[in-house]
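Take a look at the structure set out below.
Predicted model, so just to flag it, every value in this text is computed and none were measured. Residues: numbered from 1 along the sequence shown.
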Amino acid sequence: MSETTTSPTPTPTLKDLSDELTALRPRMEEVSRAIHGRPELKFAEFHAVQVLTSWLAEAGFVVETGAGGVDTAFVAVHEGGEPGPYVAVLAEYDALPGLGHGCGHNLIAAGGTAAAIAAVRALPDHAGTIAVIGTPGEEMGGGGKVLLAEAGVFDGVDAAVMFHPADRSATTQHALAAAHLRADFTGVSAHAARTPWEGRSALAAAQLFLNALDSMRQFMPPTARLHGIVSDGGQAPNVVPARAAVDFYVRDTTSAATEALVDRVRAAARGAALATGTDAAVTETGALYAERRDNNVLAARFGATVRALGVGIAPGAPHEPAGSSDIGNISQLLPVIHPYVRTAEFGTPSHSDAMRDAAATDFAHDRTQVAATGLARVVTDLVSDPEFLAAARAEFAGEAAPGEEAPGEAADDVEVLEVIEAHGHPGRARHARRIRPCRS
């Protein structure tokens, strides 16, 4: 890692960043729609990678594909003229089976890439490194970020930022830890009408297992979640199924609580097998996603920028229902933000046809431009203001109380409001190993 600068360097104004994002908007939208129109599942996002890395290479970034040994991961870096922090913008671009981009990852990828390019264009002589790290396989327990962390891709990164589309805006929002599991049941096949007593139904075991999970819910913390599907229930109605499988997730507020619940789930699978004369094996289908630690110092700067651009945003409610993401694992290693920006009508559910359709609208791209400006603000401030980076590090290390949001925090709010008026802005391991953050 490069040594950080010891004194502030000139940083772009919000008008500078806003102008850059306005100029980049046509390409950002083109890239977003290209990814949206050709959805690709986890670790098969070759088209998305080609579209994104071509744009970054044209913008002067040095691109490495296949980063960390993952075919559809990439790292694109723009090195500054002097030593300084390494700040990464994270891009996600995988889709959901049967839905396409029902989580809006096309907006995450295009907006994050635009943010990094805007930062470099507005601050061409920046210190340190500004990077885009392409992180595939976030959905369905792929754990792409975990794989990259274990391969050393995040070694030396001082801070990482990204945003997520949603039906509401929030600078910070907790996320649950999640275990991704499969229960395989093995029985004995037989003719289902002539001699069923000679068989042992793996499907019956799977059904009993799911009933056991339902019975557990009353006795779990209200923060916990158990949900899944029968991914293999047999092949023919007249054959006693010798094999069945349930793919499911176990979630709770912390990794420790999640693992404790997984132990109970494993016992339920053994019990279902014992009752039906079958065998059970519970295995992990992906990395354990850790709970997320949002860095409030960085989130406050993002929030102040977005509010100045006319979009209301504040910290999310601490006990609001939440999902999970492998960004949680990275947030255990270094300062991270993962704010949400409203790109769809309030009440639009995530992972739905409605969210997929919303992710291709003009409104969604208007809001993605705002989000990209907020990310670019955080990135440029991190590479130009050592005190800002030091504050984020101190909070991460527990050396200072978490920062608090303040609507008027950004010193250039007034300036940005003038910009709005002028430009019309619309409002495979279970754990990543711990990486010591840079202390230079």
Side-chain angles (χ1 to χ4, degrees), residues 42-43 97 137-147 149-150 174-189 199-235 240-292 321-329 332 351 428-434:
K42 64 178 181 179
F43 303 124
E138 186 274 336
E139 300 289 2
M140 301 189 296
K145 296 180 188 65
V146 181
L147 299 177
E150 294 199 333
H174 78 100
L176 303 176
H180 309 89
L181 304 169
R182 173 173 296 154
D184 286 293
F185 296 95
T186 304
V188 178
S189 60
R200 296 294 182 267
S201 175
L203 178 58
Q207 291 172 310
L208 189 58
F209 172 64
L210 289 171
N211 286 336
L213 298 189
D214 284 339
S215 298
M216 288 172 58
R217 287 194 169 91
Q218 181 182 355
F219 308 102
M220 298 186 326
T223 53
R225 298 289 186 271
L226 292 175
H227 48 92
I229 60 169
V230 176
S231 51
D232 182 359
Q235 303 301 314
V240 174
R243 287 179 175 78
V246 177
D247 286 324
F248 62 101
Y249 297 169
V250 178
R251 311 191 200 222
D252 208 341
T253 51
T254 67
S255 298
T258 299
E259 291 177 319
L261 189 54
V262 167
D263 290 341
R264 295 174 62 187
V265 166
R266 291 182 185 276
R270 293 193 298 269
L274 181 63
T276 54
T278 60
D279 294 321
V282 178
T283 57
E284 296 175 333
T285 56
L288 177 74
Y289 285 5
E291 62 274 18
R292 186 163 63 237
S324 310
S325 173
D326 55 1
I327 188 71
N329 300 64
Q332 308 298 318
H351 290 197
R428 205 147 319 264
R430 296 182 64 189
H431 302 284
R433 62 187 174 86
R434 187 166 184 84

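- At a cut-off of 3.5 Å, with distance as the only test, no side-chain donor of D252 or T258 sits close to an acceptor on the other residue.
- Here NZ of K145 is found 5.5 Å from CD of E138. Values are rounded to the nearest 0.5 Å.
- Closest heavy-atom contact between A224 and L261: CB-CD2, 3.8 Å.
- When all heavy atoms are compared, the tightest approach of L226 to M220 is CD1-SD, 3.4 Å.
- No side-chain donor-acceptor contact under 3.5 Å links D214 to the backbone of M216.
- The 12-atom threshold is not exceeded at CZ of R243, counting heavy atoms of other residues, nucleotides or ligands nearer than 6.0 Å.
- Separating the OH atom in Y289 from the NE2 atom in H180 is a distance of 5.0 Å, to the nearest 0.5 Å.
- L288 and N329 get closest at one heavy-atom pair: O-ND2, 3.0 Å.
- When all heavy atoms of D279 and A273 are compared, the closest pair comes out as C-CB, 3.9 Å.
- Formation of a donor-acceptor pair under 3.5 Å by the D326 side chain with backbone atoms of G144 is found in this model.
- Checking side-chain atoms of R292 against main-chain N and O of S325 turns up no donor-acceptor pair under 3.5 Å.
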- Message: Using the rule given for side chain to side chain contact (heavy atoms under 4.5 Å, CB included), can you reason through V230 versus L210, listing the C-alpha separation, both sets of side-chain angles and the distance that settles it, and then say yes or no?
- Response: CA-CA 9 Å; V230 176; L210 289 171; 3.6 Å; yes
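- Between A272 and F209, the shortest heavy-atom contact is CB-N, 3.7 Å.
- We find the OG1-CZ distance between T223 and R251 to be 13.0 Å, quoted to the nearest 0.5 Å.
- Side-chain contact between P241 and Q235 is absent, with no heavy atoms from C-beta onward closer than 4.5 Å.
- To the nearest 0.5 Å, atom CG of residue D184 and atom OG1 of residue T278 are 11.0 Å apart.
- Taking the six-membered ring where the residue is Trp, H227 and Y249 present perpendicular rings, their angle passing 60° and hence far from 30°.
- Taking CZ of R270 as the reference point, atom CG of L274 lies at 10.5 Å (rounded to 0.5 Å).
- The closest donor-acceptor contact from the side chain of S201 to the backbone of V240 lies at 3.5 Å or more, if one exists at all.
- Taking each heavy atom of G187 and A202 in turn, the nearest pair found is N-CB, 4.0 Å.
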- Task: Evaluate the criterion side chain to side chain contact (heavy atoms under 4.5 Å, CB included) for residue pair L176 and T253; output intermediate values, then yes/no.
- Result: CA-CA 5 Å; L176 303 176; T253 51; 4.0 Å; yes
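- The structure places CZ of F248 at 10.5 Å from CZ of R182, a figure rounded to the nearest 0.5 Å.
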